[in-house]
Engineer: 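Here it is, the structure, as structure tokens.
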Amino acid sequence: MIKTKMIAGVMLAAAMTLTACSNEKEDSSSEHSNEHIHGESEVPSNLVAAKNPTYDIGSKAIINTDHMEGMKGAEATVTGAYETTAYTVSYIPASGKSKEPINHHKWVIQEEIKDAGDKILEAGTEVTIEADHMKGMKGASARIESAKKTTVYMIDYTPTTGGKKVTNHKWLVESELK
């Protein structure tokens, strides 16, 4: 009888350990999805406001991209327009449980890359991200995938999937608005 209870106790503990490991793995693999940090209105101090943007501050546009769930087709209000170089990057989050790479993240701008200077960085360049758009982004090592000299926009929008209004989303480029 005591042996049976001991075996049952060991089996229960093993099952609980396996369940905990299973849940931890699920959490880490999905940790980064849609963990966008919103509401931060600060922009880099050396960022230059666009002189003649296609979309003026306060104007409305329809989002024509899907960086985040519920973004495509939503009405945006432009809260900032800046001239810079926008980069697509791949990186491994610097913090959090997930160490899965984030590939093809759009956009990190010149002023959000440590020691970027004013020269356009080439594809393949290894950099450190100073932006904090997503959890684990700030301080992450990244690889530049592409660069585009353009106007970037900061916007507010309400997701088409419902939920809270997103404020000061960074960044969209002109081709992602209509």
Side-chain angles (χ1 to χ4, degrees), residues 22-44 47 49-50 53-113 123 127-178:
S22 172
N23 287 342
E24 185 175 311
K25 185 175 182 179
E26 285 177 22
D27 288 344
S28 68
S29 65
S30 65
E31 176 193 16
H32 197 82
S33 62
N34 288 335
E35 288 201 47
H36 210 269
I37 300 171
H38 301 292
E40 174 193 326
S41 61
E42 282 188 37
V43 295
L47 192 56
T54 300
Y55 301 97
D56 291 321
I57 294 174
S59 66
K60 306 277 187 200
I62 301 299
I63 302 171
N64 193 29
T65 191
D66 58 356
H67 295 184
M68 307 296 293
E69 186 178 337
M71 182 177 260
K72 190 167 190 155
E75 183 179 74
T77 302
V78 174
T79 58
Y82 307 92
E83 294 299 327
T84 189
T85 301
Y87 295 95
T88 302
V89 298
S90 290
Y91 67 97
I92 295 175
S95 62
K97 295 177 197 171
S98 177
K99 295 300 177 193
E100 292 294 316
I102 306 302
N103 296 310
H104 316 297
H105 176 82
K106 293 182 180 176
W107 303 95
V108 173
I109 61 171
Q110 186 88 16
E111 295 78 5
E112 296 173 326
I113 297 174
V127 299
T128 300
I129 301 174
E130 293 183 331
D132 205 10
H133 307 169
M134 307 285 286
K135 286 188 178 179
M137 181 177 267
K138 188 173 182 102
S141 294
R143 185 182 69 257
I144 302 291
E145 294 183 356
S146 67
K148 179 180 199 160
K149 189 85 172 148
T150 189
T151 300
V152 294
Y153 295 90
M154 185 167 62
I155 61 164
D156 292 347
Y157 72 97
T158 300
T160 59
T161 54
K164 288 167 92 175
K165 180 179 183 178
V166 175
T167 58
N168 300 315
H169 174 84
K170 297 181 186 102
W171 303 102
L172 295 182
V173 297
E174 286 185 17
S175 63
E176 295 173 324
L177 295 169
K178 61 181 180 181

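In this chain, numbering begins with 1 at the start of the sequence shown. Just the heavy atoms: all of them, side chains too, but no hydrogens, waters or symmetry mates, feed the values below. Predicted, not measured: the structure shown is a model, and the values here were computed from it.
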Engineer: If you round to the nearest 0.5 Å, how far is NE2 of H169 from CE of M154?
Structural biologist: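 That separation rounds to 11.0 Å.
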Engineer: Going through the distances and angles, do I113 and E130 end up as a side chain to side chain contact (heavy atoms under 4.5 Å, CB included)?
Structural biologist: CA-CA 6 Å; I113 297 174; E130 293 183 331; over 6 Å; no
Engineer: Does Y55 reach the main-chain N or O of L177 with its side chain, forming a donor-acceptor pair under 3.5 Å?
Structural biologist: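 Confirmed, Y55 side chain pairs with L177 backbone.
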Engineer: Rounded to the nearest 0.5 Å, what separates atom NZ in K170 from atom CD in E42?
Structural biologist: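 It is 8.0 Å, given to the nearest 0.5 Å.
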Engineer: When you compare the side chain of V89 with that of R143, does any pair of heavy atoms fall below 4.5 Å?
Structural biologist: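 A side-chain contact under 4.5 Å is absent here.
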Engineer: Run the ring pair (Phe, Tyr, Trp, His ring centres under 6.0 Å) test against Y87 and tell me which residues pass, sequence neighbours left out.
Structural biologist: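 Counting only residues at least two positions away or on another chain, Y87 forms no ring pair (Phe, Tyr, Trp, His ring centres under 6.0 Å).
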Engineer: Should the ring pair Y91 and H105 be called parallel, tilted or perpendicular, given that the plane angle runs from 0 to 90° and is split at 30 and 60?
Structural biologist: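 Ring orientation of Y91 relative to H105: perpendicular.
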Engineer: For a quick test of reading the model, state the closest non-hydrogen atom pair linking L47 to E83 and the distance between them.
Structural biologist: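 Smallest heavy-atom distance, with atoms named: CD1-O, 4.2 Å.
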Engineer: Any heavy-atom pair between the side chains of P93 and I102 that's under 4.5 Å?
Structural biologist: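 Counting from C-beta outward, I102 and P93 do come under 4.5 Å.
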Engineer: Is the shortest heavy-atom distance from the side chain of H67 to the side chain of L172 under 4.5 Å?
Structural biologist: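 Touching, per the 4.5 Å side-chain cut-off.
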Engineer: What are the two closest heavy atoms between T151 and P53, and how far apart are they?
Structural biologist: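 Here T151 and P53 meet closest at CG2-CB, 4.3 Å.
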Engineer: Mind listing the closest non-hydrogen atom pair of G139 and A94 along with its distance?
Structural biologist: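 Where G139 meets A94 most closely, the heavy atoms are C-CB, 3.8 Å.
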Engineer: Who pairs with T54 by side-chain hydrogen bond (donor to acceptor under 3.5 Å, both in side chains), at least two apart in sequence or on another chain?
Structural biologist: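 Residues passing side-chain hydrogen bond (donor to acceptor under 3.5 Å, both in side chains) with T54: E174.
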Engineer: Which atoms form the tightest heavy-atom contact between A86 and V152, and what is the distance?
Structural biologist: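 The pair with the smallest heavy-atom distance is CB-CG1, 3.9 Å.
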Engineer: Might you work through the side chain to side chain contact (heavy atoms under 4.5 Å, CB included) test for E176 and Y153, ending with a clear yes or no?
Structural biologist: CA-CA 10 Å; E176 295 173 324; Y153 295 90; over 6 Å; no
Engineer: Please examine the side chains of E112 and P44, heavy atoms only from C-beta on, and report whether any two atoms are closer than 4.5 Å.
Structural biologist: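 Counting from C-beta outward, P44 and E112 do come under 4.5 Å.
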Engineer: Once side-chain contact (heavy atoms from CB on, under 4.5 Å) is applied, do any residues pair with T158, and if so which ones, sequence neighbours excluded?
Structural biologist: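 Checked T158 against side-chain contact (heavy atoms from CB on, under 4.5 Å); matches are K165.
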Engineer: Identify the heavy atoms of K164 and P159 that sit nearest to each other, and give their distance.
Structural biologist: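 It is O-CD, 3.2 Å.
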Engineer: Looking only at heavy atoms, what is the nearest atom pair of I129 and M137, with distance?
Structural biologist: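 Minimum heavy-atom separation between I129 and M137: CG2-CG, 3.5 Å.
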Engineer: Considering only heavy atoms from C-beta outward, does the side chain of V43 approach that of I109 to under 4.5 Å?
Structural biologist: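 No. Closest side-chain heavy atoms not under 4.5 Å.
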Engineer: From the options T88, T84, V173, T85, select the one residue that forms a side-chain contact (heavy atoms from CB on, under 4.5 Å) with K148.
Structural biologist: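 Of T88, T84, V173, T85, side-chain contact (heavy atoms from CB on, under 4.5 Å) with K148 is met by V173 alone.
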Engineer: Just to verify, which of I62, T160, D156, I155 counts as forming a side-chain contact (heavy atoms from CB on, under 4.5 Å) with E75?
Structural biologist: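 The passing option is I62.
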